[in-house]
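Taking it in order: structure first as structure tokens, then the write-up.
One is the number of the first residue; the rest follow in order along the sequence.
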Amino acid sequence: MMPADNQTYFAPVSFILTGIKGTEESNIWMAIPFCVMYIAGLFGNSLLLFIIGTEQSLHEPMYLFLSMLATADLLLSTTTVPKILDLFWFRAGEISFAACLTQLFFVHFSFIAESAILVAMAFDRYVAICNPLRYSTVLTKTVIGKMGLAIVTRSFCVVFPVVLLAKRLKFCRTNLLPHTFCEHNGIARLACDNTTANTVLGIVMAMLVFLLDAALIAMSYVLILRAVFRLPSSNARFKALRTCGSHISVILMFYPPSFFSSFAYSLGHILPGYILNLLAHLHLLLPPMLNPIIYGVTTKAILNRVIKVFYRCCVRSFLLS
């Protein structure tokens, strides 16, 4: 987008988050399920990290990747949802330019990191099923540490240039941001100078998540299914597929909501406001809330540990009373 002649550029001190147009009257009520889902996600992921951190038997590759996923979920939701609730309940939409760029960085960083973690978890399942005898030698703690470092490095290297480009944008019309949180495309749409580089980087981010990472996960499961159907008994095939159930559920909780969230604002002319509101925030609320529930219910080791933690808390409360 190029500026018209004689327009005066300005560097915004702050943006005003206006929320989603047409949903202002329902924001107070929409904030209630948002708050409940955020608290549930905060509690569930914190409990998951506590259990994995304190239980030595859970210091295995699958659970270490799960702790990375929980950390990414906490970062994503905590960076955005409190400000959204502030906007919905108190109409406090003002956010400084520096804070907006910081939020932009962590939103996209955690989003790309979570996608990469799902790829790492797919690789973990591939090794566990296709090469079970080499599992402990392939996925050592050193290798997992290097994979974690690679995930952080990739996310930073992709997102940091986006923040730098957003910081250099020039604005000439308004500082009203029609969104509930700061994200790259929303800020770029307000700019009056050339945003070609921003668009290209936005496409790169989308390709990493929706094409490259999704393709790697799909490839892993093609190899997994090939190995599973070569097993001699149906019972063995069922047990092998069962170990992938949690990971597949988490994938379905991440990619479809992320896809719908990316295009929710383009559907504003055909969808009711409350549906638009939900679509635009699915990737902030659903995965952080449901991921710990999925793994807590389907993973026996985690479920038993959760029961022990709550039992001890109940016993202590009873003794203190």
Side-chain angles (χ1 to χ4, degrees), residues 45 48 60-73 75-76 107-132 134-135 138-139 143-159 202-231 237-263 282-295 297-299 302:
N45 285 291
L48 200 59
E60 297 179 1
M62 183 181 76
Y63 302 110
L64 295 177
F65 287 130
L66 182 55
S67 65
M68 295 181 194
L69 187 69
T71 302
D73 281 337
L75 181 62
L76 178 62
V107 165
H108 293 297
F109 176 89
S110 55
F111 180 74
I112 294 175
E114 185 159 347
S115 181
I117 293 167
L118 291 177
V119 174
M121 295 174 81
F123 178 70
D124 168 78
R125 293 299 84 201
Y126 163 76
V127 176
I129 293 174
C130 298
N131 295 285
R134 297 181 58 197
Y135 184 76
V138 172
L139 287 172
V143 171
I144 294 171
K146 290 180 179 179
M147 292 174 70
L149 181 61
I151 290 170
V152 172
T153 302
R154 187 190 79 153
S155 302
F156 180 85
C157 290
V158 172
V159 178
I203 293 173
V204 169
M205 286 196 297
M207 289 180 64
L208 276 176
V209 174
F210 295 119
L211 291 181
L212 177 60
D213 289 356
L216 290 173
I217 291 173
M219 188 185 304
S220 297
Y221 273 98
V222 168
L223 297 174
I224 287 171
L225 289 175
R226 187 177 69 173
V228 166
F229 287 114
R230 288 179 177 176
L231 294 175
R237 289 194 291 269
F238 175 76
K239 287 182 177 180
L241 289 175
R242 187 178 180 183
T243 64
C244 300
S246 301
H247 183 240
I248 293 173
S249 299
V250 169
I251 289 172
L252 295 176
M253 286 297 104
F254 178 77
Y255 285 104
S258 300
F259 180 82
F260 283 122
S261 299
S262 300
F263 295 99
L282 280 177
H283 69 299
L284 303 178
L285 299 166
L286 277 185
M289 181 185 72
L290 294 180
N291 288 349
I293 295 175
I294 291 171
Y295 273 97
V297 171
T298 60
T299 308
I302 294 178

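With H247 contributing its side chain and L118 its backbone, the two residues share a donor-acceptor pair below 3.5 Å. Checked by atom type and distance alone, the side chain of S67 pairs as donor or acceptor with a backbone atom of L64 at under 3.5 Å.
Contact check for Y255 versus D213: side-chain heavy atoms found under the 4.5 Å cut-off. Within the 4.5 Å cutoff, the side chain of L76 has no heavy atoms near those of the F109 side chain. At a threshold of 4.5 Å between non-hydrogen side-chain atoms, the residues I151 and F65 do not count as touching. Taking the side chain as every heavy atom from C-beta outward, F229 and R237 approach each other to under 4.5 Å. The side-chain heavy atoms of V143 and K146, taken from C-beta on, include no pair separated by under 4.5 Å. Residues Y126 and M219 have side chains not in contact (no heavy-atom distance under 4.5 Å, counting atoms from C-beta outward). Annotation: side chain of Y221 is in contact with side chain of I251 (closest heavy-atom distance under 4.5 Å).
Of all non-hydrogen atoms in R154 and L212, the two that sit nearest each other are NH1-CD2, 4.4 Å. Heavy-atom minimum distance, I117 versus A72: CD1-CB, 4.2 Å. Considering all non-hydrogen atoms of both residues, S246 and T299 come closest at OG-OG1, 4.2 Å. Considering all non-hydrogen atoms of both residues, L48 and A70 come closest at CD2-CB, 4.3 Å.
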Exercise. Could you check Y63 against I302 for side-chain contact (heavy atoms from CB on, under 4.5 Å), going step by step and ending with a plain yes or no?
Key: CA-CA 9 Å; Y63 302 110; I302 294 178; 3.9 Å; yes

Quiz item: Which is it for L139 and Y135 under the side-chain contact (heavy atoms from CB on, under 4.5 Å) test, yes or no, and what are the steps along the way?
Solution: CA-CA 6 Å; L139 287 172; Y135 184 76; 3.6 Å; yes

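For the atom pair CG (D73) and CG (L284), the distance works out to 10.5 Å, reported to the nearest 0.5 Å. To the nearest 0.5 Å, atoms CG (L216) and CZ (F123) are separated by 11.5 Å. For the atom pair I217 CD1 and I224 CD1, the distance stands at 10.5 Å (nearest 0.5 Å). Of the inter-residue distances, the one linking L208 atom CG with I112 atom CD1 reads 6.0 Å to the nearest 0.5 angstrom. The distance from atom CG of D124 to atom CD1 of I144, rounded to the nearest 0.5 Å, is 7.5 Å. Atoms CD1 and CG, on I129 and L225 in that order, are 8.5 Å from each other to the nearest 0.5 Å.
Exactly one of P288, S258, S155, P287 qualifies for a side-chain contact (heavy atoms from CB on, under 4.5 Å) with E114. That residue is P287.
Side-chain atoms of Y295 and S249 include no donor-acceptor pair closer than 3.5 Å.
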